[in-house]
Structure formats: C-alpha cells, structure tokens
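Presented below is the structure to which this report refers.
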Amino acid sequence: MNPEVNPSTKKKHSKGTMLLGTLVFLSFPISVICAFVFDDIGGQILGGWFGLLTGFIAFGAFREFVVSSFRESVVVDGTVIQINVATKYVDSDSGSGIGRTTKEYFTPEFQYRFLGREYQVSSYISRDRVFHKLFGPKVGAAVKIRVPVNTPQKGELNSLRGRYIHLLIGLTLSGITAVIFYFVMP
C-alpha cells in the first residue's frame, strides 16, 4: 500500500500554528481579567476579542479560498469507497443526562488515481442522515475529484459546495465580525 493511501497519516502542525493557537487560547483569560478590572468598558473588551477572533478566522478562510482558487488542479475520476460515520452525543434540555440523544454525520471517502498513484481521501464536508440520503454519494458511485497538481493527496470532490466552502465560511464570519463590531464598539 502506498503511503498516500493510508488515511491515518495526518499532517503535523507547524510550530507557528501551535504558537498562534496557544496565544489565542491564553488571550481569552487575559481579556476576561481585563474586562473585570476595567469594568466600564468590559463588554467592549470581550466584544473586541470575539470580533478579532472571528475576523482572523474569516481571514484564514478567505486565504484558503484564494490559494485553492489559484492552485493548478485537474479533475480526475474517482470512486466512493466507504462512508465514515461520526456520532455526536447531544444532551437533552433538562440537563439530567437521561434524555441523551445521538446524531450521526456521514463523510464520504474517495479513492482516485493520479499520475499512476492511488490516493484515498476523506471529504471536508459531512452531512447528517437526511442530507446524506438526499444528496450524498453512495458507496461505489463514480465521482469527479479536483486534484491539486503539486499536492495530489489533497483531492476534494469537484462540486459547487466543495469548491466554495471556504468562501462561504469567510463571508459568514465576516458578517458576524461586522455585527459584533457594530453593536459592541461605540
């Protein structure tokens, strides 16, 4: 089996990514402490923190969309080899834990050949049971995969949703950021 086919190999995060995540994680308690110390502008401090956080995430989504738009890619034929199921546990409204329910999300896994090598990837997009039955690909179905030429292990389903998911995330979070700054900042 080729090393590209193994789905258990994950990309390691760089030290810069880990440092940035640590700074964001530690900045929230500092913002809360500042909100208590500076009581008269505490809401603005917390609102500004959430606004900056959603703005940075929106920027990252826009960046990924632009990079993927200019990345040279080709469309190849692929096959859905399996559907991965992830279960999310949801507590009831009562808070007792007795009425705990589950919700399942389905993620298709594709297999395709590019330049003589075989690759296997999972989709970025998961669907719940209803949407998977209506719109999701079935096991064994032939699909079109958009494969970046320089990184063929990052193939994705060639669909409108798969191509523009980062743009949608960026626009949504930009709107949330604008609302936060409009209502929170004076």
Side-chain angles (χ1 to χ4, degrees), residues 1-25 27 51-88 103-178:
M1 181 182 275
N2 293 337
E4 292 85 12
V5 176
N6 188 356
S8 65
T9 58
K10 302 281 184 186
K11 180 182 175 187
K12 303 287 187 220
H13 292 291
S14 66
K15 289 182 181 177
T17 305
M18 295 301 289
L19 178 65
L20 183 63
T22 303
L23 288 175
V24 169
F25 180 72
S27 68
L52 286 175
L53 181 67
T54 57
F56 283 137
I57 295 171
F59 175 76
F62 282 133
R63 182 184 176 280
E64 181 62 29
F65 172 72
V66 169
V67 166
S68 67
S69 295
F70 289 109
R71 190 178 298 143
E72 184 180 357
S73 60
V74 295
V75 177
V76 298
D77 293 324
T79 307
V80 179
I81 57 170
Q82 70 180 5
I83 305 293
N84 297 325
V85 180
T87 304
K88 180 180 177 186
K103 189 164 186 177
E104 294 178 329
Y105 293 95
F106 300 88
T107 306
E109 195 166 312
F110 310 110
Q111 186 174 18
Y112 58 94
R113 293 185 71 76
F114 181 69
L115 297 177
R117 286 192 160 168
E118 196 170 275
Y119 296 93
Q120 182 176 337
V121 295
S122 290
S123 178
Y124 291 129
I125 302 169
S126 297
R127 297 173 175 91
D128 65 356
R129 182 176 298 278
V130 174
F131 281 105
H132 178 68
K133 283 185 179 180
L134 293 174
F135 306 112
K138 308 296 182 243
V139 174
V143 292
K144 298 289 185 183
I145 307 291
R146 190 179 73 240
V147 180
V149 174
N150 294 333
T151 54
Q153 66 274 12
K154 292 186 177 182
E156 180 58 42
L157 186 63
N158 189 31
S159 67
L160 189 66
R161 186 175 179 189
R163 187 173 288 251
Y164 294 106
I165 189 72
H166 292 104
L167 179 64
L168 179 66
I169 291 169
L171 289 174
T172 303
L173 288 176
S174 293
I176 292 171
T177 301

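Note that the coordinates shown come from a computational prediction; the quantities given were computed from them, not determined experimentally.
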Locate the shortest heavy-atom distance separating [X] from [Y]; write the atom from each residue and the value.
| X | Y | answer |
| --- | --- | --- |
| G116 | R113 | O-NH2, 3.1 Å |
| A58 | S174 | CB-OG, 3.6 Å |
| A61 | I169 | CB-CG2, 3.9 Å |
| T54 | G51 | OG1-O, 3.1 Å |
| V80 | P108 | CG1-CB, 4.4 Å |
| T79 | V143 | N-CG2, 4.2 Å |

Pair L167-F62, side-chain contact (heavy atoms from CB on, under 4.5 Å): steps then yes or no | CA-CA 6 Å; L167 179 64; F62 282 133; 3.7 Å; yes
Between [atom1] of [X] and [atom2] of [Y], what distance do you get to the nearest 0.5 Å?
| X | Y | atom1 | atom2 | result |
| --- | --- | --- | --- | --- |
| E109 | I81 | CD | CD1 | 4.5 Å |
| I145 | Y112 | CD1 | OH | 7.0 Å |
| L53 | L173 | CG | CG | 9.0 Å |
| Q153 | F114 | CD | CZ | 10.5 Å |
| F65 | L168 | CZ | CG | 11.0 Å |

Would you check, one step at a time, whether the test side-chain contact (heavy atoms from CB on, under 4.5 Å) holds for K144 with V76?
-> CA-CA 6 Å; K144 298 289 185 183; V76 298; over 6 Å; no
